[in-house]
2 protein chains.
Amino acid sequence: MSCEPELEREDLCEAHEVDFRSVEEAKASLPDMGYVAELFKAMGESTRLSILYLLWKGRWCVHDLATILDSSVSNVSHHLRLLRAMRLVKATKEGRKVVYSLDDDHVEALMSEAFKHAGHS
Amino acid sequence: MSCEPELEREDLCEAHEVDFRSVEEAKASLPDMGYVAELFKAMGESTRLSILYLLWKGRWCVHDLATILDSSVSNVSHHLRLLRAMRLVKATKEGRKVVYSLDDDHVEALMSEAFKHAGHS
DNA sequence: TGTATGTATGATCATATATTCAAATATCGT
DNA sequence: ACGATATTTGAATATATGATCATACATACA
């Protein structure tokens, strides 16, 4: 059914302590990395990570985010678009402002975990 | 002491419900994102994330990692170098092989958290 | 000591990404 | 309706990054 070529024994390190079966099993057990990789990638850029951090602690409009981050409104808006597309943040229109907030408990848990150890360099 | 220019009131959204003080405080409270962003960036690439996942579950030499990931030894080795430089994985020479394993509990905790929700798209 | 195996490295290339700029859109107050 | 405020968008650009290739290095074994 699968179009994958069969794994051959020659593809393995000879005399490796783990056998053919282990490599096959490891390959089969590998979950899809797509979503998780995208998530980490979104969080792996300092401007976006800062935005997520700020929204973790409160709600902010675009202009103030840009001020706090010493960045341009345009740049912040571009990053917010990405975060919105990934449903990590949500936008609420309030008058002529758009106020952003976190939209994913998942992200809070990851940040909590990540910043817990921060400064262990 | 700081070379930062003083924040001016004009830099703020007028009539924002949060006041000048909040923006100043938010700016001051913002932790350094450097390390955490680097960490997420390292994990935000599917080949590297897969490597970390595999090493989370066991120990593997470079050749077998490449086989499991359908990638080249060279490519995997380059990624391992990055992960080594960040002290996320460690290398152990065993004969002519180099066996890699995780070198950071932190990463395990993050992966555990991340994959817990995977497939909630 | 030579050869095969296993890994690391540097250069190159194609692509992806962050940022800036200019301009468009939308909302409020006068 | 007009001007000011607030945000979004697309294009252009510079930089970063992942993959590949060729090659160097290092170890085991004959």
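Below, chain A is the first sequence line, B the second, and so on; all start at residue 1.
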Chemist: Using a 4.5 Å cut-off on heavy atoms from C-beta on, say whether the side chain of A/Glu108 contacts that of A/Met111.
Modeler: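 They are not in side-chain contact.
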Chemist: Between residues 42-57 of chain A and DNA chain C, which residues have a heavy-atom gap below 4.0 Å?
Modeler: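 Residues of residues 42-57 of chain A that come under 4.0 Å of DNA chain C are, in numerical order, A/Glu45, A/Thr47, A/Arg48.
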Chemist: Quick check: closest heavy atoms across A/Ala91 and A/Tyr100, and the distance to 0.1 Å?
Modeler: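 For A/Ala91 versus A/Tyr100, the nearest heavy atoms are CB-CE2, 3.6 Å.
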Chemist: With sequence neighbours left out, write down each residue that passes side chain to side chain contact (heavy atoms under 4.5 Å, CB included) with B/Ala109, or none if nothing qualifies.
Modeler: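 In terms of side chain to side chain contact (heavy atoms under 4.5 Å, CB included), with neighbours along the sequence ignored, B/Ala109 is linked to A/Glu113.
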Chemist: Any chance you could list the contact pattern along nucleotides 10-15 of chain D? Use B for base contacts, S for sugar-phosphate-only contacts and - for none, protein heavy atoms under 4.0 Å, 5' to 3'.
Modeler: B-----
Chemist: Within the pair A/Tyr100 and D/dT8, is there a side-chain N or O less than 4.0 Å away from OP1 or OP2?
Modeler: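 Answer yes for this pair, as a side-chain N or O of A/Tyr100 is under 4.0 Å from OP1 or OP2.
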Chemist: If each of A/Glu38 and A/Ser71 is mapped to the nucleotide of DNA chain C with the nearest heavy atom, which maps nearer the 5' terminus, i.e. the 5' end?
Modeler: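 Its nucleotide being nearer the 5' end, the pick is A/Glu38.
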Chemist: Between D/dT8, D/dA19, C/dA8, which nucleotide gets closest to the side-chain atoms of B/Val62?
Modeler: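 Given the options D/dT8, D/dA19, C/dA8, the side chain of B/Val62 is closest to C/dA8.
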Chemist: Mind running side chain to side chain contact (heavy atoms under 4.5 Å, CB included) on A/Leu110 and A/His106 for me, showing each step along the way?
Modeler: CA-CA 6 Å; A/Leu110 283 172; A/His106 197 182; 4.1 Å; yes
Chemist: Checking all strands, does A/Val73 fall into the base, sugar-phosphate, or nothing category for heavy-atom contacts under 4.0 angstrom?
Modeler: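 Touches a base.
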Chemist: Considering only side-chain heavy atoms of B/Lys97, which listed nucleotide, C/dA8, C/dA18, C/dG6, is closest?
Modeler: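 Of the options given, the side chain of B/Lys97 lies nearest C/dG6.
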Chemist: Mind checking side chain to side chain contact (heavy atoms under 4.5 Å, CB included) for A/Val73 and listing every partner two or more places apart, or none if nothing turns up?
Modeler: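 Partners of A/Val73 by the side chain to side chain contact (heavy atoms under 4.5 Å, CB included) criterion, ordered by chain and then number, come out as A/Val62, A/His63, A/Ala66.
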Chemist: Can you check each nucleotide of nucleotides 24-30 of chain D against protein heavy atoms at under 4.0 Å and return B for base, S for sugar-phosphate only, - for none, in 5' to 3' order?
Modeler: --SBSS-
Chemist: Taking only distance into account, with no hydrogens and no angle test, what donor-acceptor pairs under 3.5 Å do side-chain atoms of residues 44-51 of chain B form with protein atoms, sequence neighbours excluded?
Modeler:
unit_1: B/Glu45; atom_1: OE1; unit_2: B/Thr47; atom_2: N; d: 3.1
unit_1: B/Glu45; atom_1: OE1; unit_2: B/Arg48; atom_2: N; d: 3.0
unit_1: B/Arg48; atom_1: NE; unit_2: B/Ala42; atom_2: O; d: 2.8
unit_1: B/Arg48; atom_1: NH1; unit_2: B/His79; atom_2: ND1; d: 3.2
unit_1: B/Arg48; atom_1: NH2; unit_2: B/Lys41; atom_2: O; d: 3.4
unit_1: B/Ser50; atom_1: OG; unit_2: B/Ser46; atom_2: O; d: 2.7

Chemist: Does B/Leu88 reach the side chain of B/Leu39, with side-chain heavy atoms less than 4.5 Å apart?
Modeler: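 Yes; the side chains approach each other to less than 4.5 Å.
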